[in-house]
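None of these values were measured; they are calculated from a predicted model.
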Amino acid sequence: MAYPKRVYTTEEVKEAEKLVREGYKHRLIVKGKPAFKNKVKTALKFVKTAGYYDFLRTYIRSIIEIDGFTQLREAEASIWANEYAVANPVDAASLFVQKANHMKEYLEGKLYYGGEAEKRSVEKRIEFLKTLKRKSRKSEVKEECERLLRSWSESVFL
C-alpha cells in the first residue's frame with residue numbers, strides 16, 4: 001500500500017499512521033536552489049550522525065525551499081524552509097528533527113501545537129543536539145551543539 005498523497009482527512013491520517021506503524025519510510029526529497037540543497041545535505045549528514053535519519057524519513061517526505069516562513073506542512077508531510085532556516089546546518093538538523101516530531105504527534109492524533117506540544121518538540125530538539133554533540137567527532141560541531149544547547153536552556157519553553 002502506498003503512502004497517501006496528502007495527509008489531511010481522518011482516513012488519510014489513519015492510513016499514514018498505519019503505514020508508519022508497519023515501518024514505512026519515505027525516500028526523502030529535497031527541492032530548492034543548489035545552495036539550499038547543499039545546506040540541507042550537510043544538515044542531513046548531522047541527522048545521520050546522531051542516528052535520527054530513520055526517524056526523519058518516517059515522518060517527513062520532503063524538504064522544500066520557500067521564500068516565506070519555515071513551517072511543517074502536515075497535509076504534505078513536508079518541511080517548507082527558507083534559506084535562513086538552513087544557514088546553520090547544525091541548527092537546521094535540529095529543526096528537521098523537531099518538525100518530524102510534530103508530524104509524528106499529528107499522525108498519532110495528539111495536539112501537536114501550542115504550549116505543551118511546543119515544549120515536547122523543543123525537548124526533542126534538545127535531545128537531538130545532545131546526541132549529536134556526543135556522537136560527532138568534529139570539535140566545531142560539538143561546539144555548535146553546545147552553543148545551541150545554551151541558547152535553548154534560556155528558552156521560555158523549558
Heavy atoms only: give me the nearest [X]-[Y] pair and the separation to one decimal.
{"X": "Leu19", "Y": "Ala2", "value": "CD1-O, 3.6 Å"}
{"X": "Leu107", "Y": "Glu17", "value": "O-CG, 3.3 Å"}
{"X": "Pro4", "Y": "Glu12", "value": "CG-O, 3.6 Å"}
{"X": "Phe46", "Y": "Ala93", "value": "CB-CB, 4.0 Å"}
{"X": "Pro89", "Y": "Thr42", "value": "CB-CG2, 3.7 Å"}
{"X": "Ala50", "Y": "Lys135", "value": "O-NZ, 3.5 Å"}

Charged N to carboxylate O under 4.0 angstrom, [X] versus [Y]?
{"X": "Glu76", "Y": "Arg6", "result": "no"}
{"X": "Arg147", "Y": "Glu144", "result": "yes"}
{"X": "Glu108", "Y": "Lys110", "result": "yes"}

Dump the intermediate steps for side chain to side chain contact (heavy atoms under 4.5 Å, CB included) on Ile63 and Phe36, then the final yes or no.
CA-CA 10 Å; Ile63 300 171; Phe36 176 85; 4.1 Å; yes

Could you tell me the separation between the [atom1] atom of [X] and the [atom2] atom of [Y], rounded to the nearest 0.5 Å?
{"X": "Lys99", "Y": "Leu56", "atom1": "NZ", "atom2": "CG", "answer": "13.0 Å"}
{"X": "Ile64", "Y": "Lys31", "atom1": "CD1", "atom2": "NZ", "answer": "5.0 Å"}
{"X": "Ser151", "Y": "Glu146", "atom1": "OG", "atom2": "CD", "answer": "11.5 Å"}
{"X": "Arg27", "Y": "Ser62", "atom1": "CZ", "atom2": "OG", "answer": "12.0 Å"}

Hey, any chance [X] and [Y] share a hydrophobic cluster, counting ILVMFWY side chains that come within less than 4.5 Å of each other, even indirectly?
{"X": "Ile66", "Y": "Ile60", "result": "no"}
{"X": "Val30", "Y": "Trp80", "result": "no"}
{"X": "Leu149", "Y": "Phe96", "result": "yes"}
{"X": "Leu28", "Y": "Met103", "result": "yes"}

Residue pair [X] / [Y], side-chain donor-acceptor N/O under 3.5 Å:
{"X": "Asn82", "Y": "Glu65", "value": "no"}
{"X": "Arg61", "Y": "Ser78", "value": "no"}
{"X": "Lys142", "Y": "Ser136", "value": "no"}
{"X": "Tyr52", "Y": "Glu127", "value": "yes"}

Tell me whether Tyr106 contacts the main-chain N or O of Leu111 through its side chain, where contact means a donor paired with an acceptor under 3.5 Å.
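No, the answer is negative, given that no donor and acceptor are paired below the 3.5 Å cut-off.
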
Is there a donor-acceptor pair closer than 3.5 Å between any side-chain N or O of Lys48 and the backbone N or O of Tyr53?
no

Just so I know, are the side chains of [X] and [Y] near enough to count as touching, which here means a heavy-atom distance under 4.5 Å?
{"X": "Gln98", "Y": "Arg120", "value": "no"}
{"X": "Val141", "Y": "Thr49", "value": "no"}
{"X": "Leu95", "Y": "Val86", "value": "no"}
{"X": "Lys104", "Y": "Phe55", "value": "yes"}
{"X": "Leu129", "Y": "Trp152", "value": "yes"}
{"X": "Ile126", "Y": "Leu148", "value": "no"}
{"X": "Lys37", "Y": "Lys41", "value": "no"}
{"X": "Asn101", "Y": "Tyr59", "value": "no"}

Would you kindly check if the NZ (Lys) or CZ (Arg) of Lys18 is within the cone defined by 45 degrees around the ring axis of Tyr24 and under 6.0 Å from the six-membered ring centre?
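Judged by the rule, Lys18 and Tyr24 form no cation-pi pair.
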
Would you call the rings of His26 and Tyr3 parallel, tilted or perpendicular, taking 30° and 60° as the class edges?
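Aromatic pair His26/Tyr3 classed perpendicular.
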
Verdict with supporting geometry, Val7 and Glu74, side chain to side chain contact (heavy atoms under 4.5 Å, CB included):
CA-CA 7 Å; Val7 187; Glu74 296 89 355; over 6 Å; no

